[in-house]
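Notes follow the structure.
Naming convention: chains lettered A, B, ... in sequence-line order (proteins, then strands); numbering from 1 in each chain.
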Amino acid sequence: MFEARLAQSAILKKVLEAVKDLLSEATFECSDSGIMVQAMDNAHVSLVSLNLRSDGFDKFRCDRNLSMGMNITTMTKILRCASSEDTVTLRAWDNPDNIIFIFESPSKEKLAEYEMKLINMDQEHLGIPETMYSCVVKMPSAEFARICKDLSQFGEAITIACSKEGVKFSAAGDYGNANIKLAQTAEVDKEEEAVCIDMQEPVKLTFACRYLNSFVKATPLCAQVKLSMSADVPLVCEYSIGEIGHIRYYLAPKIDD
Amino acid sequence: TGTQGRIDSFFKIL
């Protein structure tokens, strides 16, 4: 059987909110090392890679590897039925047709069970090569979300230019243009407020706002976001998920006509 | 602002 328990459902609720805009369904690969999801959005522009390690769960049991096709829209609805402080347990039997979500209140006086039908999915797995990126920017996730939101008013794409001076986000459209420059922070009281730039070579890439604005739905998961970029390859936008894992979004850049 | 690339043109399908 498969059983995975988290003491607080908040993490799983945030994970679902972070993927639901991009994915309508996805296969959850469960093994004794944890839960992995890799799925592209419908337009095959972006890819979501989610990894939750078994040792990050309060209880984790997976007797045999399982691939469970889940409807993300339904799963999001179910997770919204849990209070953030509720314990959440995912349970499925071998060769399952269904998965059960069990929410238990901290006082243990309320126990809710939701059963969701699994779906058969065609799987298309992509091999993501290990890449040394020219620029890696770590910055406050709320700042990145704010920049994406603000610049989206000006155009449908954001250009990210990273040099040793700092990182510049810009957008241009019919009504004008905007740019926001961030320099590496010299000294900060709190690590999560730092902007840190690791640059081997300058990079300038352009990305569709629509996808960036979906990625920033992961902001509640982590105070910092890591952006990894190299010329002519997809952006990696990564959020840690506490001590349990991470979510990575890959986004194909715009190509000059 | 250019043509939108597809992610599966960058990564090999396994």
**Q.** side chain to side chain donor-acceptor pair (under 3.5 Å) involving A:D198 - partner list, sequence neighbours excluded
**A.** A:Q200
Q | Residue pair A:A252 / B:Q4: nearest heavy atoms and the distance that separates them | A | O-NE2, 2.9 Å
Q.
Taking atom CZ as the centre, does B:R6 end up with more than 12 heavy-atom neighbours from other residues, nucleotides or ligands that are less than 6.0 angstrom away?
A. yes
Q: Name the region of A:D232, side chain, backbone, both or neither, that has any atom closer than 4.5 Å to a heavy atom of chain B.
A: backbone
Q.
Minimum heavy-atom separation for A:L126 and B:I7, please, with both atom names.
A. CD1-CG2, 4.4 Å
Q. Given the side-chain rings of A:Y250 and B:F11, with only the six-membered ring counted for Trp, is the space between their centroids under 6.0 Å?
A. yes
Q: Check the surroundings of atom NZ in A:K20: do more than 12 heavy atoms from other residues, nucleotides or ligands lie under 6.0 Å from it?
A: yes
Q.
Can you confirm whether more than 12 heavy atoms, excluding those of A:K138, are under 6.0 Å from its NZ atom?
A. no
Q: Could you grab the distance from atom OG1 of B:T3 to atom NZ of A:K254, nearest 0.5 Å is fine?
A: 8.0 Å
**Q.** Winner by heavy-atom pair count (cut-off under 4.5 Å) against chain B, out of A:A43, A:S46, A:G173
**A.** A:S46
Q: Count the heavy atoms belonging to other residues, nucleotides or ligands that lie under 6.0 Å from CG of A:N120, then report whether that count exceeds 12.
A: no
